[in-house]
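Notes to accompany the following structure.
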Amino acid sequence: MYDRASALLKDTPLAPQLRNLYIAVNVMDVLLTKPADLLVAEPPTYESGLADATPQQRAINRIVEENDVNQMLHETTIGGGIRGDSWLKTYYAVRTDVSEVEAVGLAVDAQPPEPIIEAVDASCVFPELSRGSRKRFKAVNIAWVEWVDVGNEEIPYLNVERHLPGYIVYERYRLYEYGVDTSYDVPISLYKIGDSVPTGREVDVEKTGVPHILVHHVPYKTVDDDWRGISGIEKLESVLAAINDRLVQIDYILWKHSDPPAYGPELPTEANGAVRFGGKYIPVEKSDVTPGYMEWTGQLTAAFKELDILLGLVYQISETPQWLFGTTLAEDKGGTGTSHSDGAAIKARFMPILSKVKRIRVHVDRAIRDAIWSAQILENYANEGVDGFEPYEPVYPKVNWRDGIPRDEKAEAEIYAIRTGAKPTIDVASAIKRMDGLDDEKAAQIITRIDNDEARVNGTVDSSIFNGGGA
């Protein structure tokens with residue numbers, strides 16, 4: 001993207017501004033990625049609080065794995081940092097879209113429906129607040145425009161998916177052009193909502209069997225007087241603009257003085273023996289006044305110093321130590337992050353970013369647990385009376401998060417040994433679960449294979465041979 005933009009805009013006066021704006025925006029993109037990395041870089045575990053062989057735990061493991069929940073949470077956290085809000089929707093349907101295969105008349109094998117959790121475009125979500133509340137929703141509307149080819153023209157329709165506690169209401173409206181809005185210097189087409197038209201569905205009111213709304217809000221950061229989330233970019237917009245202006249100014253100065261004019265005595269201009277200069281040459285005699293500039297003594301030093309301060313403000317406001325990226329830019333380096341060897345010191349240096357991740361995790365934890373719980377209820381309700389399905393009581397899950405920072409396991413083990421007198425402090429199953437981030441079922445499989453390896457290598461001896469009276 002940057003190379004294409006540079007090629008198209010290299011001869012325009014806006015090229016430095018656009019190029020450096022691209023750089024400033026990417027600085028913010030990197031800063032938004034780090035909290036998401038620390039949130040799910042070490043995958044969390046999802047537990048029902050019951051044994052691993054129970055249908056509840058198996059259902060939770062299946063829902064998490066088939067919906068790639070950790071990847072979805074990573075993307076949701078980054079997107080929420082840009083927008084301020086993210087939304088997750090839970091529904092029960094066939095995962096693979098075979099509409100195009102059916103449209104061309106090909107046979108499709110029947111696929112079983114399953115609980116699906118996916119992110120929803122925040123620009124299409126319009127919640128309705130409960131009366132007297134600024135946080136609770138009585139309904140959540142998901143609305144998007146669909147263009148349908150009719151003959152030689154495309155007709156716009158507005159699809160509305162209205163989520164209510166226990167129900168989903170589907171609606172569809174015809175749209176009519178209503179002029180163009182240019183108040184933001186960009187032409188935005190306006191439409192007027194017309195009459196309601198058939199949705200094309202078998203039923204327009206669907207009962208979910210879930211006593212709450214199936215769309216879950218994931219704000220990036222919130223305050224107590226509004227439901228809308230606050231993004232990580234809002235408070236940095238002015239600083240990013242200042243960084244862009246400073247980069248443009250430095251670019252302009254370096255470009256302007258990259259090939260400065262020269263002055264001196266009259267030089268030959270013929271091809272043979274002539275002295276050539278890349279820039280302009282001003283001949284000056286002894287009696288002439290030497291040309292010069294009105295110079296500011298600060299030159300580029302002050303510009304780079306201000307850029308240093310601005311970059312430091314970005315890291316400080318975003319609560320992200322700059323050495324976390326393996327390098328430093330601002331003058332106040334803050335260390336490299338490797339000057340301490342013990343885990344406690346490293347964790348103390350991570351404190352700003354860890355506090356930020358914990359604040360983000362509060363909203364993510366609630367939304368994903370609600371979504372997994374809703375998926376269990378949907379699955380039981382949709383398969384009520386279906387042969388072959390084993391019903392189970394849905395359980396509100398617990399998510400065991402990890403902080404994602406480097407741990408000094410050796411130092412921790414030594415501390416445990418000192419406090420317990422070198423007694424074992426953890427069982428094999430728990431150790432495998434924590435080290436590899438596994439659940440009980442997979443840890444049990446590994447322990448079984450370990451036992452089989454020991455039996456194969458060491459063998460087994462019948463203890464009755466020692467009971468005989470022989471020598």
Can you check whether Gly229's main-chain N or O pairs, donor with acceptor, with Asp85's side chain at less than 3.5 Å? yes
Distance-only polar pair, side chains of Tyr46 and Asn70, donor-acceptor under 3.5 Å: yes
Would you say the side chains of Arg62 and Asn67 form a donor-acceptor pair under 3.5 Å? no
Given 3.5 Å as the limit, does a donor-acceptor pair link the side chain of Ser318 with the main chain of Tyr315, or not? yes
Could you tell me whether the side chain of Trp227 reaches within less than 4.5 Å of the side chain of Pro127, counting heavy atoms only? yes
Does Arg162 come within less than 4.0 Å of Glu128, counting only side-chain N to carboxylate O? yes
Heavy atoms, side chains only, cut-off 4.5 Å: are Lys34 and Val357 in contact? no
Within-4.5 Å side-chain heavy-atom neighbours: Glu161 and Trp144: yes
Counting only heavy atoms not in Asp195, do more than 12 fall under 6.0 Å of its CG? no
Mutual orientation of the aromatic rings belonging to Trp87 and His217 [parallel < 30°, tilted 30-60°, perpendicular > 60°]: parallel
Exactly one of Val395, Val399, Ile117 clears side chain to side chain contact (heavy atoms under 4.5 Å, CB included) with Ile372, and that residue is Ile117
Between the side chains of Tyr170 and Asn159, does any donor sit under 3.5 Å from an acceptor? no
Do Val180 and Thr182 touch side chain to side chain, with heavy atoms closer than 4.5 Å? yes
Is a salt bridge present between Glu319 and Lys356, judged by a nitrogen-to-oxygen distance below 4.0 Å? no
Do Asp226 and Arg228 sit within salt-bridge range, that is, some charged N less than 4.0 Å from a carboxylate O? yes
I'd like to know whether NZ of Lys235 has more than 12 heavy-atom contacts from other residues, nucleotides or ligands below 6.0 angstrom. yes
Ring centroids only, cut at 6.0 angstrom: are Trp147 and Tyr157 within range, meaning strictly under it? no
Quick one: are Tyr167 and Val205 in side-chain contact, heavy atoms under 4.5 Å? yes
Mind checking whether Leu73 and Ile368 have side chains closer than 4.5 Å, heavy atoms only? yes
Is it true that a side-chain atom of Asn61 and a backbone atom of Gln57 form a donor plus acceptor pair closer than 3.5 Å? yes
Give a yes/no verdict on a cation-pi contact between Lys89 and Tyr91, requiring under 6.0 Å between NZ or CZ and the six-membered ring centre and an angle within 45° of the axis. yes
Is any side-chain heavy atom of His216 closer than 4.5 Å to one of Ser374? yes
Hey, are the side chains of Leu88 and Val218 touching, using non-hydrogen atoms and a 4.5 Å cut-off? yes
Side chain to side chain contact (heavy atoms under 4.5 Å, CB included) between Tyr220 and Ile230, worked out: CA-CA 6 Å; Tyr220 194 73; Ile230 302 173; over 6 Å; no
Does Glu206 pair with Arg201 as a salt bridge, N-O distance under 4.0 Å? yes
More than 12 heavy atoms of other residues, nucleotides or ligands under 6.0 Å from CD of Glu153: is that the case? yes
Give me the one residue out of Gln56, Gln376, Glu379 that meets side chain to side chain contact (heavy atoms under 4.5 Å, CB included) with Pro394. Gln376
Side chains of Asn400 and Glu47: donor-acceptor distance under 3.5 Å anywhere? yes
